[in-house]
A.B. asks: 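Let me begin by handing over the structure; questions about it come next.
Hydrogens, waters and symmetry mates play no part in the numbers below; they use all other heavy atoms, side chains included.
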Amino acid sequence: ADIGTNTVTLTVIDNNNLVSTCQSNVTVVGVTQTCTIGATPTNTIYTGGDPKKIYLGYGPQSVILTATSSGAGSFNFSWSGAYLTGSGATRLFTPTTAGIYNIVCTTTNVNGYQATCNITLCVLDIRSGGSGNSQKVYLCHLPSGNQNNPQTLDISVNAVAGHLTNHPGDHLGSCNQTCEVSQAITARNVIEEKSMTSFEGMSFNVYPSPNNGKFVIDISTKEKGNLKLAVIDIMGRVVYSQNLKISGPENIPVNLEGEPHGLYLVKVEMNGQVQVKHVMLLK
């Protein structure tokens, strides 16, 4: 994987501890393997211009995901994620439930080298009633001359195109229904599904929140023991972890400046008991 010129040093030591060294340059020729995923809607119905958003009830109900890998030779493609069908470098993502979905693809070339890439897809359920040609959906309308007073409309799918064309500020979904809200709900559901037990004589806080990626986990306790910390994104990926022994209060700084904005979970575990709190990163 070390493309370019690499200096290799050989050191020889004999039984009398006499030392001699020599060097040689090894040049590695090639291209570092990379991977990207592109998204293409399955039809051209306009929904807002973002192919990574699907609105259940209107427009394309699936997205074609295509992985592209750079490097030498042919590739095998391994995918993970919900609602995927297909084979090879292409998958069809056809969700039936609203949420935030992280799709991951790992490419492997003939020499066994790998690259991993991912794409995050937002699915919003905007259906308000009816079905088929009678389907109705929510749409957020910004009245002309009063755009600071958005209104959620309940309209037929046949009227959506006209609203989006004649009112550039309008968008699909209710006015409080966005991918950011959906992301927060997903994270909240993860929290609620956790088995949380309060520690005897121990508590913790996270501050500041929101933050720019830097925050402190403030642990208040008189107990002694082994403590496990983990920061988890809404897809369940552990982005930070630490194990430490504590015998009193601790302030633990965390730096997640390289992570995207959004809601994260902070999990503290000790003696089989778990507490979870959330922290918001804003960039």
Side-chain angles (χ1 to χ4, degrees), residues 37 50 52-53 80-82 95 97-104 106 116-125 140 150 173-283:
I37 301 175
D50 188 346
K52 294 184 290 186
K53 291 183 181 179
S80 63
T97 305
I100 305 294
Y101 297 90
N102 189 45
I103 308 299
V104 178
T106 299
T116 299
C117 48
N118 71 293
I119 188 171
T120 300
L121 304 166
C122 173
V123 180
L124 299 178
D125 191 342
C140 183
S174 63
C175 294
N176 62 353
Q177 189 179 25
T178 66
C179 290
E180 287 73 22
V181 171
S182 180
Q183 186 181 50
I185 290 173
T186 301
R188 183 195 66 196
N189 291 340
V190 172
I191 294 173
E192 291 174 349
E193 290 172 1
K194 297 289 183 181
S195 175
M196 292 181 288
T197 306
S198 296
F199 292 114
E200 185 77 23
M202 196 283 280
S203 63
F204 81 97
N205 289 303
V206 181
Y207 66 89
S209 181
N211 59 69
N212 64 355
K214 290 184 177 182
F215 58 91
V216 173
I217 302 174
D218 180 19
I219 298 175
S220 176
T221 183
K222 296 180 181 179
E223 303 293 323
K224 296 181 179 180
N226 296 319
L227 193 73
K228 294 182 178 180
L229 300 177
V231 181
I232 307 165
D233 68 13
I234 61 169
M235 298 304 161
R237 182 175 61 98
V238 177
V239 298
Y240 172 89
S241 63
Q242 184 177 355
N243 297 334
L244 67 161
K245 292 184 178 180
I246 64 171
S247 58
E250 294 277 352
N251 288 316
I252 302 166
V254 178
N255 188 343
L256 297 182
E257 288 184 310
E259 298 296 332
H261 72 273
L263 196 65
Y264 290 75
L265 310 179
V266 178
K267 183 174 78 169
V268 175
E269 182 177 356
M270 185 176 180
N271 299 329
Q273 297 177 316
V274 177
Q275 279 190 359
V276 179
K277 294 189 177 183
H278 65 269
V279 60
M280 178 66 75
L281 271 62
L282 299 177
K283 297 301 176 87

A.B. asks: Using side chain to side chain contact (heavy atoms under 4.5 Å, CB included), reason through Val123 and Thr97 one step at a time and then give a plain yes or no.
C.D. replies: CA-CA 7 Å; Val123 180; Thr97 305; over 6 Å; no
A.B. asks: As an exercise, state the distance from CG of Asn251 to CG of Asp218, rounded to the nearest 0.5 Å.
C.D. replies: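 Output value for this atom pair is 4.5 Å.
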A.B. asks: By side chain to side chain contact (heavy atoms under 4.5 Å, CB included), which residues pair with Ser241, not counting sequence neighbours?
C.D. replies: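 Checked Ser241 against side chain to side chain contact (heavy atoms under 4.5 Å, CB included); matches are Val238.
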A.B. asks: Between Lys52 and Ile119, does a side chain to side chain contact (heavy atoms under 4.5 Å, CB included) hold up when you go through it step by step?
C.D. replies: CA-CA 8 Å; Lys52 294 184 290 186; Ile119 188 171; 3.8 Å; yes
A.B. asks: Output all residues satisfying side chain to side chain contact (heavy atoms under 4.5 Å, CB included) with Asn243, sequence neighbours left out; order by chain, then residue number.
C.D. replies: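 For Asn243 the side chain to side chain contact (heavy atoms under 4.5 Å, CB included) partners, ignoring immediate neighbours, are Lys228.
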A.B. asks: Could you state the interatomic distance from CD1 (Ile217) to CG (Leu229), rounded to the nearest 0.5 Å?
C.D. replies: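 Reported value, rounded in 0.5 Å steps: 5.0 Å.
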A.B. asks: Between Tyr264 and Glu259, does the side chain to side chain contact (heavy atoms under 4.5 Å, CB included) criterion hold? Intermediate values first, please.
C.D. replies: CA-CA 10 Å; Tyr264 290 75; Glu259 298 296 332; 3.4 Å; yes
A.B. asks: Who pairs with Ser247 by side-chain hydrogen bond (donor to acceptor under 3.5 Å, both in side chains), at least two apart in sequence or on another chain?
C.D. replies: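 side-chain hydrogen bond (donor to acceptor under 3.5 Å, both in side chains) check on Ser247 returns nothing, list empty.
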A.B. asks: Looking at Glu250 and Ile246, what are the two nearest heavy atoms and their distance?
C.D. replies: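 Taking every non-hydrogen atom into account, CG-CG2, 3.6 Å.
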A.B. asks: Heavy-atom distance under 4.5 Å between the side chains of Leu244 and Ile252, does that happen here?
C.D. replies: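 Leu244 reaches Ile252 side chain to side chain.
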A.B. asks: Considering all heavy atoms of both residues, which atom of Cys140 and which atom of Ser174 are nearest to each other, and what is their separation?
C.D. replies: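 Heavy-atom minimum between the residues: CB-C, 4.2 Å.
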A.B. asks: According to side-chain hydrogen bond (donor to acceptor under 3.5 Å, both in side chains), who are the partners of Ser80, at least two apart in sequence or on a separate chain?
C.D. replies: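 Partners of Ser80 under the side-chain hydrogen bond (donor to acceptor under 3.5 Å, both in side chains) test: none.
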A.B. asks: As an exercise, state the distance from CG of Leu227 to CZ of Phe204, rounded to the nearest 0.5 Å.
C.D. replies: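 Separation between the atoms: 9.0 Å.
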A.B. asks: Once you round to the nearest 0.5 Å, how far does CG of Leu281 lie from CG of Leu256?
C.D. replies: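 Nearest 0.5 Å value for the CG-CG distance: 5.5 Å.
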A.B. asks: Using the rule given for side chain to side chain contact (heavy atoms under 4.5 Å, CB included), can you reason through Val254 versus Val206, listing the C-alpha separation, both sets of side-chain angles and the distance that settles it, and then say yes or no?
C.D. replies: CA-CA 10 Å; Val254 178; Val206 181; over 6 Å; no
A.B. asks: Any donor and acceptor pair, going by atom type alone, linking the side chain of Asn118 with main-chain N or O of Thr120 inside 3.5 Å?
C.D. replies: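 The answer is no, because no donor-acceptor pair under 3.5 Å joins these two groups.
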A.B. asks: Could you tell me the separation between the CG atom of Leu265 and the NE2 atom of His278, rounded to the nearest 0.5 Å?
C.D. replies: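 One finds 9.0 Å between CG of Leu265 and NE2 of His278.
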A.B. asks: I'd like to check the side chain to side chain contact (heavy atoms under 4.5 Å, CB included) partners of Pro208; sequence neighbours left out, ordered by chain and number.
C.D. replies: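 Counting only residues at least two positions away or on another chain, Pro208 forms a side chain to side chain contact (heavy atoms under 4.5 Å, CB included) with Asn211, Phe215.
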A.B. asks: Mind checking what makes side chain to side chain contact (heavy atoms under 4.5 Å, CB included) contact with Asn205, not counting sequence neighbours?
C.D. replies: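 If we apply the side chain to side chain contact (heavy atoms under 4.5 Å, CB included) test to Asn205, skipping adjacent residues, the hits are Lys277.
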A.B. asks: How far does CD1 of Ile103 sit from CG of Leu121, to the nearest 0.5 angstrom?
C.D. replies: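 Atom-to-atom, Ile103:CD1 and Leu121:CG are 5.5 Å apart.
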